[in-house]
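This report refers to the structure that appears directly beneath it.
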There are 2 protein chains.
Amino acid sequence: MRNFLKTKGLKMTSQRETIFRAFFESEPHMTVEELHERVISMDPAIAYTTVWRTLKLICEVGLGEKKYFGDGVVRYDRVTATPHGHLVCQKCGSTEEFFSSEITRLLQDRADESGLLPEEYRIEVVGICLKCRQQREASGDVTDTSAKGKSSAGDNVIDISGAGGM
Amino acid sequence: MRNFLKTKGLKMTSQRETIFRAFFESEPHMTVEELHERVISMDPAIAYTTVWRTLKLICEVGLGEKKYFGDGVVRYDRVTATPHGHLVCQKCGSTEEFFSSEITRLLQDRADESGLLPEEYRIEVVGICLKCRQQREASGDVTDTSAKGKSSAGDNVIDISGAGGM
DNA sequence: AAGCTAATTGCAATCGGATTGCAGCTACAT
DNA sequence: ATGTAGCTGCAATCCGATTGCAATTAGCTT
Ligand SMILES: [Mn+2]
Ligand SMILES: [Mn+2]
Ligand SMILES: [Zn+2]
Ligand SMILES: [Zn+2]
């Protein structure tokens with residue numbers, strides 16, 4: 001890592017060392033603020049701005065990637081050797097990572113067909129996690145909470161042309 | 001559409017009619033500002049805020065979805081009967097849509113495994129489009145611009161544990 | 001058709017995370 | 001030890017997203 005920076009004419013500082021540690025050893029998908037909290041617990045003197053700039057640096061060298069999970073805050077993810085996807089709960093914000101070489105391959109093929117040189121993959125399913133659905137039904141909600149079976153967002157057919165007509 | 005609003009206690013207005021038209025008849029993935037421009041060309045009196053609120057409404061009733069393609073601006077996409085993915089050029093911002101029932105099925109399976117009730121799918125490949133790569137090579141850049149073949153972001157193995165260690 | 005009221009709209013103000021300018025501090029090559 | 005290109009902390013700024021509010025309007029009621 002130190003060498004990596006060196007070749008770029010960049011310097012290793014105690015702040016960066018701490019922030020790198022925090023980033024690579026904490027749960028993934030942290031916001032700048034969350035990571036800053038973590039960092040502060042290790043070295044109270046490190047500023048938010050420095051965390052922000054270091055995350056930017058991490059992304060620039062290819063070890064990190066910005067992620068937008070839908071709550072309006074940017075999150076930072078570690079880049080893995082092979083792309084991975086996410087299952088995101090829009091209720092509690094929990095995330096689960098998964099790998100799928102089949103999906104990656106299919107996406108690669110699509111990109112190739114179009115002549116797009118892939119740089120980053122975004123593979124996400126956003127929905128309501130099991131835990132949140134169980135809580136909801138516990139509070140007496142009448143909504144269908146079954147996940148098993150064929151229910152999915154894609155099933156309900158939406159007549160867009162009709163809707164656009166008026 | 002009018003009926004749809006009615007059942008919700010909502011009103012159809014000339015502004016909404018215009019904005020609906022603009023949204024469903026323009027290219028997909030427009031920003032609020034872009035759509036506002038379009039709307040203004042149809043009715044100069046319609047305010048940005050109204051466009052924003054109407055897009056929000058469209059999303060709430062399930063006909064639209066927010067998208068973050070990486071340039072920091074929210075875009076609005078039409079929801080299709082079956083989920084679709086995107087090929088996004090991070091250089092020129094062009095997008096191409098594609099459908100893949102295989103990918104959708106694989107994602108559905110993953111979600112089911114985890115107990116996540118799918119609500120929205122995000123399937124994107126971000127990279128450099130053919131056109132942009134050709135322009136780059138034309139300006140005498142030495143970078144490898146081949147898209148065909150096995151090149152992909154997933155191939156370069158990144159030793160994260162090592163990086164995190166220091 | 002006129003009246004009534006909740007919904008909608010335009011505009012200005014505000015919000016809040018992202019980003020930047022800058023003066024003082026520091027890593028590290030020499 | 002010295003010099004200089006990089007860093008850092010802090011405050012200021014940016015800017016798209018969101019909201020408060022008074023005037024206006026759609027659609028129901030009489
Ligand atoms: Mn991840
Ligand atoms: Mn689309
Ligand atoms: Zn949840
Ligand atoms: Zn392009």
Side-chain angles (χ1 to χ4, degrees), chain A residues 1-23 29-37 39-40 42-61 64-77 93 166, chain B residues 1-23 29-37 39-40 42-61 64-77 93 166:
Chain A
M1 186 72 242
R2 186 177 228 94
N3 294 324
F4 196 38
L5 292 176
K6 191 175 298 184
T7 66
K8 298 285 185 176
L10 304 176
K11 296 173 181 175
M12 173 53 79
T13 65
S14 68
Q15 289 95 330
R16 284 182 176 170
E17 196 167 315
T18 301
I19 297 170
F20 287 152
R21 269 208 165 63
F23 179 69
H29 320 140
M30 306 256 280
T31 65
V32 181
E33 184 157 344
E34 288 170 346
L35 191 62
H36 183 218
E37 300 268 302
V39 165
I40 273 185
M42 299 188 260
D43 180 344
I46 299 178
Y48 172 95
T49 310
T50 301
V51 174
W52 182 83
R53 279 190 281 229
T54 302
L55 282 171
K56 187 185 181 191
L57 173 65
I58 290 174
C59 290
E60 288 171 348
V61 302
E65 264 176 10
K66 280 187 176 184
K67 287 292 175 189
Y68 302 79
F69 284 161
D71 55 1
V73 191
V74 175
R75 290 167 186 290
Y76 290 82
D77 200 7
M166 176 48 62
Chain B
M1 185 71 241
R2 186 179 228 94
N3 295 325
F4 197 38
L5 292 177
K6 191 176 298 183
T7 65
K8 298 284 186 180
L10 304 176
K11 298 173 180 175
M12 174 53 79
T13 64
S14 68
Q15 289 94 329
R16 283 183 177 167
E17 197 167 315
T18 301
I19 297 169
F20 287 151
R21 268 208 166 64
F23 179 68
H29 320 142
M30 306 256 281
T31 65
V32 181
E33 185 157 343
E34 289 170 347
L35 191 61
H36 183 219
E37 300 268 303
V39 165
I40 274 186
M42 299 188 259
D43 179 345
I46 298 179
Y48 171 94
T49 310
T50 301
V51 174
W52 183 84
R53 280 191 280 229
T54 301
L55 282 171
K56 187 185 180 191
L57 173 65
I58 290 174
C59 291
E60 288 170 348
V61 302
E65 264 176 11
K66 282 186 174 184
K67 287 291 175 189
Y68 302 79
F69 284 162
D71 55 0
V73 191
V74 175
R75 289 166 186 290
Y76 289 82
D77 199 7
M166 174 47 60

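Naming: A, B, ... by sequence-line order, numbering from 1 per chain. Note that these values count all heavy atoms, side chains included, but never hydrogens, waters or copies made by symmetry. Owing to the predicted nature of the structure, the values given are computational and were not obtained by experimental measurement.
The listed nucleotides are C/dT8, C/dG10, D/dA17; the one nearest the side chain of B/Tyr48 is D/dA17. The side chain of B/Lys11 approaches D/dA26 more closely than any other nucleotide in the set D/dA26, D/dC10, D/dT8. Residue A/Arg16 places its side chain closer to D/dC7 than to any other of C/dC11, C/dT19, D/dC7. Side-chain proximity of B/Trp52 to the nucleotides C/dT26, C/dA7, D/dA17 is greatest for D/dA17. Taking every side-chain heavy atom of B/Thr13 into account, C/dT9 is the closest of C/dA12, D/dC10, C/dT9. With C/dA18, D/dC7, D/dT19 as the choices, the nucleotide that has an atom nearest any side-chain atom of A/Val74 turns out to be C/dA18.
The CG-P distance, from A/Asp71 to C/dA18, rounds to 10 Å in whole Å. In this entry the distance linking CE of A/Met12 with C1' of D/dA5 reads 17 Å, nearest Å. When rounded to the nearest whole Å, the span between CG of B/Asp43 and P of C/dT9 equals 11 Å. One atom, CG of B/Leu55, and another, C1' of C/dT9, lie 15 Å apart when rounded to the nearest Å. The distance from atom OH of A/Tyr68 to atom C1' of D/dG16 is 12 Å, rounded to the nearest whole Å. For the pair A/Arg75 CZ and C/dG17 C1', the interatomic distance rounds to 13 Å; values are reported in whole Å. Atom pair B/Gln15:CD and D/dT24:P shows a separation of 14 Å (rounding to whole Å applied). At whole-Å resolution of the value, CD in B/Glu17 and P in D/dA26 are 11 Å apart.
Along DNA chain D, the nucleotide nearest to A/Ile19 and the one nearest to B/Lys66 differ in position, and the one closer to the 5' end is contacted by A/Ile19. Residues A/Thr54 and B/Thr49 each lie close to DNA chain D; by heavy-atom proximity, the contact nearer the 5' end of the strand is made by A/Thr54. If B/Ala45 and A/Tyr76 are placed on DNA chain C by their nearest nucleotide, the residue sitting closer to the 5' end is B/Ala45.
One finds the CD1 atom of A/Ile19 at 12.5 Å from the CZ atom of A/Arg21 (value rounded to the nearest 0.5 Å).
At distances below 3.5 Å, at least one donor-acceptor pair connects side-chain atoms of A/His36 with backbone N or O atoms of A/Ile46.
Residues B/Thr50 and B/Val39 have side chains not in contact (no heavy-atom distance under 4.5 Å, counting atoms from C-beta outward). Side-chain atoms of A/Tyr76 and A/Val32, non-hydrogen and from C-beta on, do get closer than 4.5 Å to each other.
Counting distance only, with no hydrogens placed and no angle test, the side-chain atoms of A/Arg53 and the base atoms of D/dG6 include no donor-acceptor pair under 3.5 Å.
A search for side-chain hydrogen bond (donor to acceptor under 3.5 Å, both in side chains) contacts involving A/Asp71 returns A/Arg75, not counting sequence neighbours.
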